[in-house]
Structure formats: structure tokens, C-alpha cells
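By convention here, the first residue in the shown sequence is residue 1. Below, each value reflects all heavy atoms present in this structure, side chains not excepted, and no hydrogens, waters or symmetry copies.
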Amino acid sequence: MKFVLITPARNEADFIGLTLASVCAQTVLPERWVIVDDGSTDRTAEIVQEYTRQHPWIELVQRPRRAERNFAGKVHAFNAGFERVKSLPYEVIGNLDADVSFEKDYFEFLIDRFGATPRLGVAGTAMREAGYDAIKDSFFNGADVFGACQLFRRACFEDVGGYTPIKWGGIDWVAVHMARLKGWETRCFTEKIFHHHRPMGATESNVWKARFDYGRKDYFLGNHPLWQVFRISYQAMKQPYVLGSLILFCGYAYPLIRRVERPIPEELLKFHRKEQIERLKQLWLNLVKTRKLKLQS
């Protein structure tokens, strides 16, 4: 199966070399890899240009600098790259962050999974960061796919309408859940991992703002109140403990009290909350049976 990749990049000079080296070393290469320099002020574009001279399937697109930094801007950058590939023949399209790395057979593995499962719409793998394992350290759901490396079957990507520009984030989450809502399978495979070199929230001004923003995003994406209580309670057991969970709660409660309109359709909100309640039931049954809280499902 043929595939293409798109990478929005903004001031990624510290890590994009790792991503470039990983992709260029793959046993199966993309038909085209469009890297969109989204107004970087560092050497991001220069580093990419060094690779475009050696690999004609890598293309650099440069966008003007923008003052506001938000997740909607990332979607606009992705769409600029999508314009460069949408006329090409391919079956799979990938959204790849500019701060990840992986083994040489990473894409061969994922493309094989698409070939083996006709209804597989979105696929990815487990993620690790320094001091953080997404499988062990979170409420890992095998049906969710981490946004730093998401591959879509082309028909699925077109079915969900691509990425939705949401200022506060969750663009990858919306795409995956919309895929499931429309009947596609989504899967995070644990046989492989990718390394995420910039820790989540590292681009925020500080860790407290990041916690507040996570809570606010939880509200915008429609987390069920019971799920949010469970999430906040779990956060209280991890650093920065009670203060971190309190700030997470405030981020969720602030737009809730103000009745801020959510940027997702009602049918997606109901679908998402139904999934969360089912997961809570499974977690509770497992706790009763084993007296252990199994975070993976």
C-alpha cells in the first residue's frame, strides 16, 4: 500500500533531525513527505532543506510567521501540506509530529496492519517520553491513537472530513472518535512504540498552565463528569499531587460554569460519553474482581 506523510513543524530545530533520520531509514518509504514549516524562527527550515536535496520525495512548504500559537494553526499547516498530496495515488495518509523517532520497520509494520484489516481506519502505536510510558502511566485505551503519529486509511480520512481546527486542542482525538462513530476500527498497536522527544505540555509557559489547559480541553471534548472525577482523583496520586489535580479540576470547571459552547457535534459528545461510561464499568468490575485498578483496556 502506498502512503504519504505530512508534518507541521514550528521551531523544531532541536528534534526534527531525529524525525528526519528515522523516516529516511525506513524499510518502506512514503510516496511523498511534506514538511510544513509553520513560520519557524529557528533553523527548522534549514535542517529540512538539507534532507530535501538528498531525498526528492521530501518536500518543504514554508508558511509566514503567525503571532498566535494554538492547535487550530497546526490544522491549517497540515492542510497546507495536504494540498500538496491530495492528487497523488495513495491508500494511507499519516500525520507525523516533528519531534518523534522510531525503529526502521515502523511504517512497514503499520502499513501491513492496514492491509490485513480492511475496516482499520486509524492506526498508530504506543508512545514513550522521558520518564513517561503512555501504556503504564495513563488510562490507556487500545482504540485511541496518539496524535503525534496517526495514520489514516484515505477513505476514513475523507469520511471524517480531515482534522477539525479547534483552538484548545484535541484535533487528533476528534478525528479518531469521529472515525469510530462512523463505523471504522481504530487501533493503537503495542507491539511497536515511538519516542516523543518533547514532553507533552513542554511548549506551555509552565506546568500549571498546562494542567489548566488539559482540564479545559477535557471540557471542550465533552468528558463525562463521572469520568472527570475519576481522572482528577487519579491525578491526585501522581506528581504534582493534590495541587495538580486541583488545577486540572479548575480548567474543567471554569468553562463548565460559564456554559461555554463545545466545538464538537452533539452526536460525538454522546458517543464519547457512552464509551467513557463503558470503560468506567469495566474498570470497576476489574477492581472488584482483582482488587487492582487495571488502567489498560
Side-chain angles (χ1 to χ4, degrees), residues 5-8 10 36 38 68-82 86 92-97 100 119-125 127 134 138-188 196 200-201 203-204 210 212-225 227-228 231 248 251-252 255-256 259-279 297:
L5 298 174
I6 299 174
T7 295
R10 181 183 172 96
V36 183
D38 193 22
E68 188 176 17
R69 183 187 180 94
N70 58 52
F71 291 95
K74 182 178 180 180
V75 173
H76 298 318
F78 179 92
N79 289 341
F82 181 64
K86 66 181 184 180
V92 174
I93 180 169
N95 176 27
L96 184 68
D97 277 7
V100 299
R119 288 302 299 173
L120 181 61
V122 192
T125 71
M127 177 188 74
S138 69
F139 291 114
F140 174 74
N141 182 1
D144 287 341
V145 182
F146 296 106
C149 185
Q150 284 185 335
L151 268 63
F152 291 79
R153 190 180 298 273
R154 184 173 189 167
C156 174
F157 189 74
E158 293 172 352
D159 197 13
V160 302
Y163 287 113
T164 302
I166 301 174
K167 180 179 180 180
W168 301 114
I171 59 176
D172 50 334
W173 179 96
V174 170
V176 172
H177 282 70
M178 282 298 296
R180 288 208 294 273
L181 178 61
K182 290 180 176 291
W184 293 94
E185 294 180 32
T186 64
R187 180 81 182 275
C188 179
H196 191 229
M200 291 184 294
T203 56
E204 304 293 344
F212 186 87
D213 287 347
Y214 288 150
R216 179 166 50 185
K217 184 172 71 173
D218 289 342
Y219 168 81
F220 285 132
L221 298 181
N223 274 12
H224 194 289
W227 178 270
Q228 197 66 16
R231 171 164 155 74
L248 186 68
Y252 182 86
L256 176 66
R259 298 182 179 275
V260 177
E261 184 179 356
R262 290 184 171 94
I264 63 173
E266 184 69 19
E267 61 174 347
L268 180 58
L269 184 146
K270 292 179 179 178
F271 177 79
H272 171 47
R273 289 187 169 184
K274 181 179 178 181
E275 283 193 331
Q276 286 187 323
I277 292 300
E278 288 300 318
R279 290 191 67 200
S297 64

Of Val260, Ile166, Val174, the one forming a side-chain contact (heavy atoms from CB on, under 4.5 Å) with Phe220 is Val260
Pairs involving residues 160-178, ordered by first then second residue, that meet salt bridge (Lys or Arg N to Asp or Glu O under 4.0 Å) (sequence neighbours left out) = Glu68-Lys167
Distance in Å, Met127 CE paired with Cys149 SG, rounded so as to fall on 0.5 Å steps = 11.5 Å
Distance-minimising heavy-atom pair for Lys217 and Gly170 | CD-N, 3.6 Å
Closest heavy-atom pair and its distance - Gly222, Arg262 | CA-NE, 3.5 Å
Who are the side-chain contact (heavy atoms from CB on, under 4.5 Å) partners of Glu266, not counting sequence neighbours?
-> Leu269, Lys270
Find the distance between CG (Leu151) and CG (Leu5) and round it off to the nearest 0.5 Å.
-> 6.5 Å
Asp144 side chain reached by Arg180 side chain, heavy atoms, under 4.5 Å = yes
Partners of Leu256 by side-chain contact (heavy atoms from CB on, under 4.5 Å), sequence neighbours excluded?
-> Tyr219, Tyr252
Where do Phe146 and Thr125 come nearest, in terms of heavy atoms and distance?
-> CD1-O, 3.3 Å
Member of Asn95, Asp97, Asp38 meeting the side-chain hydrogen bond (donor to acceptor under 3.5 Å, both in side chains) criterion with Lys74 | Asp97
Answer yes or no: is there a donor N or O on one side and an acceptor on the other, between the side chain of Gln276 and the main chain of Trp227, under 3.5 Å?
-> no
If only atom types and distance count, is the side chain of His272 paired as donor or acceptor with the main-chain N or O of Leu268 below 3.5 Å?
-> no
All side-chain contact (heavy atoms from CB on, under 4.5 Å) counterparts of Trp184, not counting sequence neighbours | Arg119, Arg153, Ala155, Cys156, Asp159, Ala179, Lys182
Correct closest heavy-atom pair for Val75 and Thr164 would be CG2-O, 3.8 Å
Nearest heavy-atom pair of Ala77 and Val36: which atoms, and what distance?
-> O-CG2, 3.4 Å
Quick one: salt bridge (charged side-chain N to carboxylate O under 4.0 Å, His left out) partners of Glu278, sequence neighbours excluded?
-> Lys281
Locate the shortest heavy-atom distance separating Leu248 from Tyr214; write the atom from each residue and the value.
-> CD1-CB, 3.8 Å
For Thr186 and Ala143, indicate whether the former's side chain and the latter's backbone hold a donor-acceptor pair under 3.5 Å.
-> yes
With sequence neighbours excluded, what pairs up with Asp218 under the salt bridge (charged side-chain N to carboxylate O under 4.0 Å, His left out) test?
-> Arg231
Does the separation of the ring centres of Phe152 and Tyr163 fall below 6.0 angstrom?
-> yes
Between Glu275 and Arg279, does at least one N-O distance fall below 4.0 Å, as a salt bridge requires?
-> no
